[in-house]
Q: 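Structure provided below as structure tokens; questions to follow.
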Amino acid sequence: MNSVSSILSLAVVAGLSQSAFAGDAQSSQASKGEVLVLLSSENVMQLAEGKTEPTGYYLNEFGVPAKALVDAGYTLVLATPKGNAPSVDKKSVIPQYFDGGESQMLEIQSFVASLDGINNTLSLSEVISQGLSEYEGVFIPGGHAPLIDLANNPQVGEILSHFHNEGKPTAAICHGPIALLSGQSNPQAFELALKSGEQATSDNWIYEGYKMTIFSTPEEEYFESTLDNATLLYYPADAMAQAGGDMEYKEMWAPNVVVDRELITGQNPFSDDLLAEKLLQQLNAQNK
């Protein structure tokens, strides 16, 4: 009996050692490079008439492309304006946003929770001061939160200008593309005009004339119908068109990704897989 126990113990130890070795081998594989992920620091969105709405990133819009990048061998570096932990929009933590249903939702939830820096991101100041040249690309998830502090942010503009000038992949999904508006001389003035209901005119916008997409007005009107008699301060689709974007949409909730040069934009939450695919195509092409 003692002999059998010893043999079983040795087998268990050998199995654990083999698993540990496999884990070490996987973790020691050289990364294909770093991808910068820009997330909002905020979780309460201002609406018209002084009303507010809880917000954050959409779980699938962040987690599905992020996992695809990591699975493909890329390392993620997470950043927010304040360098704090980003918030998930609780309305996005439901199975309907995931092709694999609840099991995939739980998998992505666990994956996001395990990411390095998820509870202590770099600030935009830190990202800029450390240098941007080592990043292979940049990814901006959606949720309404980017409307608060990524659409009107000169530091976001500085970061995006680097990737634009280098021709490196720049991907954004759903409301994430609103951050592209920071890539102009005075994004705060542009936003102020939007919120005032005036015709907004962009100033040296780096993406003027690019084909792109964002959460469509019909989709936004549906979102507003779920609020308690409240409306957004402006529609993102109108903002992008006023800035000079060549906007392309499909019907509500249909997956839609538009690629123009280095820019990759997805229309809605259901564009997550396709956006990840297009982003990886560009990243892998530049690494050949």
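All values derive from a computational prediction rather than experimental measurement.
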Q: So, taking the atom named OG1 in Thr170 and the one named CG in Leu36, what distance separates them when rounded to the nearest 0.5 Å?
A: 10.0 Å
Q: Checking side-chain polar atoms at under 3.5 Å, does Ser271 have a donor or acceptor matched by the opposite partner on Asn268?
A: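 Yes, a side-chain donor-acceptor pair sits under 3.5 Å.
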Q: Does a donor on one side chain and an acceptor on the other come within less than 3.5 Å for Glu219 and Ser216?
A: yes
Q: With no hydrogens and no angle check, just 3.5 Å: does a side-chain donor-acceptor pair link Asn186 and Asp203?
A: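 Per modelled atom types, Asn186 and Asp203 side chains form no pair under 3.5 Å.
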Q: Going by distance alone, is a donor N or O of one side chain under 3.5 Å from an acceptor N or O of the other, for Ser202 and Glu208?
A: no
Q: Just jot down the ring-ring contact (aromatic ring centres under 6.0 Å, His included) partners of Phe190, sequence neighbours excluded, or say none.
A: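 ring-ring contact (aromatic ring centres under 6.0 Å, His included) list for Phe190, sorted by chain: empty.
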Q: Could you grab the distance from atom OG1 of Thr80 to atom CG of Leu122, nearest 0.5 Å is fine?
A: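 If I round to the nearest 0.5 Å, the distance is 8.5 Å.
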Q: Fit a plane to each ring of His144 and His175, take the angle between them on a 0 to 90° scale, and name the class: parallel (under 30°), tilted (30 to 60°) or perpendicular (over 60°).
A: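 The arrangement is tilted - the two ring planes meet at 30° to 60°.
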Q: Nearest 0.5 Å please: distance from the OG1 atom of Thr213 over to the CG atom of Asp260.
A: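 It is 12.5 Å, given to the nearest 0.5 Å.
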Q: Under 30°, 30 to 60°, or over 60°: which ring-plane class applies to Tyr135 and Phe163, parallel, tilted or perpendicular?
A: tilted
Q: Would a 4.5 Å heavy-atom cut-off, applied to side chains only, mark Met240 and Leu180 as touching?
A: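 In short, these two side chains touch, coming nearer than 4.5 Å.
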Q: Report yes if the side chains of Tyr222 and Met252 come closer than 4.5 Å at any heavy-atom pair, otherwise no.
A: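 Contact flag for Tyr222/Met252 side chains = yes.
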Q: Checking side-chain polar atoms at under 3.5 Å, does Ser182 have a donor or acceptor matched by the opposite partner on Asn153?
A: no
Q: Please work out whether the ring planes of Phe62 and Phe139 are parallel, tilted or perpendicular, with thresholds of 30° and 60°.
A: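 Phe62 vs Phe139 ring planes: tilted.
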Q: Nearest 0.5 Å, what's the OG1-CD distance between Thr121 and Glu126?
A: 8.0 Å
Q: Does Tyr74 reach the side chain of Asn287, with side-chain heavy atoms less than 4.5 Å apart?
A: yes
Q: If you look only at pairs with a residue in residues 109-130, which of them pass as a ring pair (Phe, Tyr, Trp, His ring centres under 6.0 Å), with sequence neighbours excluded?
A: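 The answer is none; no pair qualifies.
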Q: Side-chain contact, heavy-atom cut-off 4.5 Å: Tyr210 with Arg261?
A: yes
Q: Among side-chain atoms of Asn43 and Tyr57, is any donor-acceptor pair under 3.5 angstrom?
A: no
Q: Check the angle between the aromatic planes of Tyr97 and Tyr58 and answer parallel, tilted or perpendicular using the 30° and 60° thresholds.
A: perpendicular
Q: As an exercise, state the distance from CG of Asn119 to CG of Leu78, rounded to the nearest 0.5 Å.
A: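 CG of Leu78 is found 10.0 Å from CG of Asn119.
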Q: Give the minimum heavy-atom separation between Asn256 and Glu248, together with the two atoms involved.
A: ND2-O, 3.4 Å
